[in-house]
Amino acid sequence: MSRRLVLAFTALLITLTACDPGAGAAPAGPTGAASPADRCAKASARDFDGDGHDDVAVGNRMLTGGQVSILSAGKLVRLRIPDLGADAIGASVALARVNADGCADVVVGAPYTKVDGGHSAGAVYVLYGGNAAPYRKIVSPNPQPGARFGAAVAAHGGTIAIGAPEENDSGVQQAGAVYVTDGDTTPPRRITQETEGVPGNSEPHDGFGATVAVGPLPDGRTGLLVGSPRERDDGSGRQLANGIGPYDGAVTMIADVRAERLEAVKHDGGSECELGDAVAYVPGGTFAATEGQCGNVLVLDHARILDTVECGACGSSSTGSALAAAPDGRVAVAWGDSAQVLSMREGVPGTVVPTLPGGNLPVAFYGTKLVFGMPQEAPPLGVTVFDPATGRSEQVMSAIRDVEGVGEALG
């Protein structure tokens with residue numbers, strides 16, 4: 001099932017350029033620092049600053065305009081915001097090797113950003129690790145006011161998935177959409193429940209794309225899992241009237257998101273369970289999804305649900321749920337003030353995490369340890385690192401003392 005990971009972070013200050021993508025200007029680096037190529041030569045898959053150790057991206061959209069930090073060498077190191085027009089940057093974060101320089105890169109959503117005059121149309125930024133390249137800004141080819149493009153992000157290799165859960169589709173309000181792009185300048189591809197090969201229908205307030213996860217399947221294809229936790233199981237056909245009542249939720253598994261013709265399978269949630277509240281790619285070729293109001297974790301492959309695991313330490317929470325996966329296949333699941341690491345191997349028990357200061361949500365892995373955000377803490381000033389082996393936890397505080405929501409997003 002799942003595991004906790006703690007974060008050890010480097011004390012290197014990262015400086016990112018604020019020039020436009022493609023402008024050709026090199027980002028500024030510390031005087032006498034190693035070149036980007038040298039810095040990233042020994043980087044691990046989750047190493048943003050090239051120090052040879054894994055990092056964790058930490059988002060905080062509550063600060064004016066938002067903020068992104070890296071947890072490195074036990075410190076929260078703020079990254080320079082690349083675009084002063086970005087709004088709510090840090091609402092979503094993902095760490096992945098997007099380009100080929102060896103360092104991990106941060107993909108960060110800014111869903112309230114104004115685009116072409118449209119408020120909250122949303123944008124996504126790729127902040128390249130190792131201080132090696134100017135940032136990249138990604139927006140919808142046809143930005144919609146209120147779409148909140150970037151409310152969810154996921155990345156694996158050069159593939160970036162972006163959720164726009166408030167986007168209208170075919171005149172249907174807040175049906176939601178997902179965009180997929182490679183790590184270059186290719187315009188993102190738009191996918192909705194009205195796309196050919198994708199089951200279901202775009203209905204009011206489905207929120208398709210509220211959560212996304214992407215990763216390679218065992219046969220080499222790139223799978224995409226899309227959560228729509230606000231969807232209702234309201235029968236066949238497209239319901240055009242606004243529904244009422246609780247959400248059942250759903251997840252849609254697209255087996256090859258790079259294919260010209262998509263093929264997908266949709267799974268509906270249990271009654272009032274909000275399936276798809278959180279989703280994650282599990283290394284090895286499977287995916288996980290929570291039923292946010294029922295305390296269940298579903299394990300899926302490209303075609304079917306393989307298992308439903310009841311999280312014994314978890315339950316429903318008004319603050320939602322979160323998932324994280326470790327390279328060895330462990331999965332950490334968090335619900336408000338409770339969390340558990342699931343081994344996902346038959347006969348191997350999970351590990352229960354005690355309630356931590358600031359709560360146990362969201363969650364990310366780092367080696368054998370876990371890191372939890374503290375967005376509900378009063379005041380919320382940092383993240384908590386927990387070591388399941390010793391049961392000890394440590395708070396890592398932000399250098400900014402007057403912010404809210406530090407650790408609202410982890411990746």
Side-chain angles (χ1 to χ4, degrees), residues 2 4 57-62 88 90-94 109 111-112 148 150-154 163-166 174 176 205-213 225-232 245-251 267 269-281 287-298 308-325 331-342 353 355-356 358-365 370-378 380 383-384 404-411:
S2 83
R4 287 94 187 184
V58 179
N60 166 27
R61 71 177 177 89
M62 301 298 287
S92 60
V93 290
Y112 295 164
R148 297 188 183 176
V153 295
E166 305 298 317
Q174 298 177 353
H205 309 292
D206 276 353
F208 183 79
T211 54
V212 291
L225 185 65
V226 182
S228 45
R230 299 201 308 265
E231 186 161 327
R232 296 179 176 88
Y247 304 119
D248 303 307
V251 292
H267 305 284
S271 178
E272 306 180 18
C273 281
E274 296 186 16
L275 175 60
D277 185 55
V279 298
Y281 172 74
F287 291 77
T290 62
E291 289 188 316
Q293 293 300 315
C294 294
N296 297 323
V297 180
L298 277 62
T308 300
V309 180
E310 182 178 352
C311 178
C314 304
S316 63
S317 168
S318 60
T319 56
S321 58
L323 284 170
V331 175
V333 55
W335 258 276
D337 291 333
S338 59
Q340 188 171 357
V341 178
L342 310 176
V353 180
T355 299
L356 299 172
N360 294 32
L361 190 76
V363 61
F365 269 103
L370 294 168
V371 59
F372 295 91
M374 298 194 297
Q376 307 304 317
E377 185 75 337
V383 297
T384 301
E404 297 179 23
V406 174
E408 180 181 32
L410 300 174

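Worth saying up front: this structure is predicted, and the values here are computed from it rather than measured.
- For Thr211, the side chain to side chain contact (heavy atoms under 4.5 Å, CB included) partners are Val279, not counting sequence neighbours.
- Taking every heavy atom of both residues into account, Gly276 and Val251 meet most closely at CA-CG1, 3.6 Å.
- The shortest distance between side-chain heavy atoms of Trp335 and Thr290 falls below 4.5 Å.
- One finds the CZ atom of Phe372 at 10.0 Å from the OG1 atom of Thr355 (value rounded to the nearest 0.5 Å).
- Listed by chain and number, the residues in a salt bridge (Lys or Arg N to Asp or Glu O under 4.0 Å) with Arg148 amount to none (sequence neighbours excluded).
- When all heavy atoms are compared, the tightest approach of Gly227 to Pro229 is C-CD, 3.5 Å.
- Gln174 CD to Glu166 CD: the interatomic distance, rounded to the nearest 0.5 Å, is 4.5 Å.
- Across every non-hydrogen atom of Ala289 and Leu275, the tightest pair is CB-CD1, 4.1 Å.
- One N or O on the side chain of Ser92 and one on the backbone of Gly150 form a donor-acceptor pair closer than 3.5 Å.
- In terms of heavy-atom proximity, Ala280 sits nearest to Leu323 at CB-CB, 3.9 Å.
- Between Glu231 and Asp206 the shortest side-chain heavy-atom distance falls below 4.5 Å.
- Using a 4.5 Å heavy-atom threshold, the side chains of Gln293 and Glu272 count as separate.
- Nearest heavy atom pair, residue Ala152 against residue Ala210, reads CB-O, 3.4 Å.
- Shown here are the salt bridge (Lys or Arg N to Asp or Glu O under 4.0 Å) partners of Glu291, two or more places apart in sequence or in another chain: there are none.
- Side-chain contact between Val58 and Leu410 is present, with heavy atoms from C-beta onward closer than 4.5 Å.
- Across all non-hydrogen atoms, the minimal contact from Gly407 to Pro362 is O-CD, 3.0 Å.
- Listed for the Asp277 side chain is a donor-acceptor partner under 3.5 Å among the backbone atoms of Ser321.
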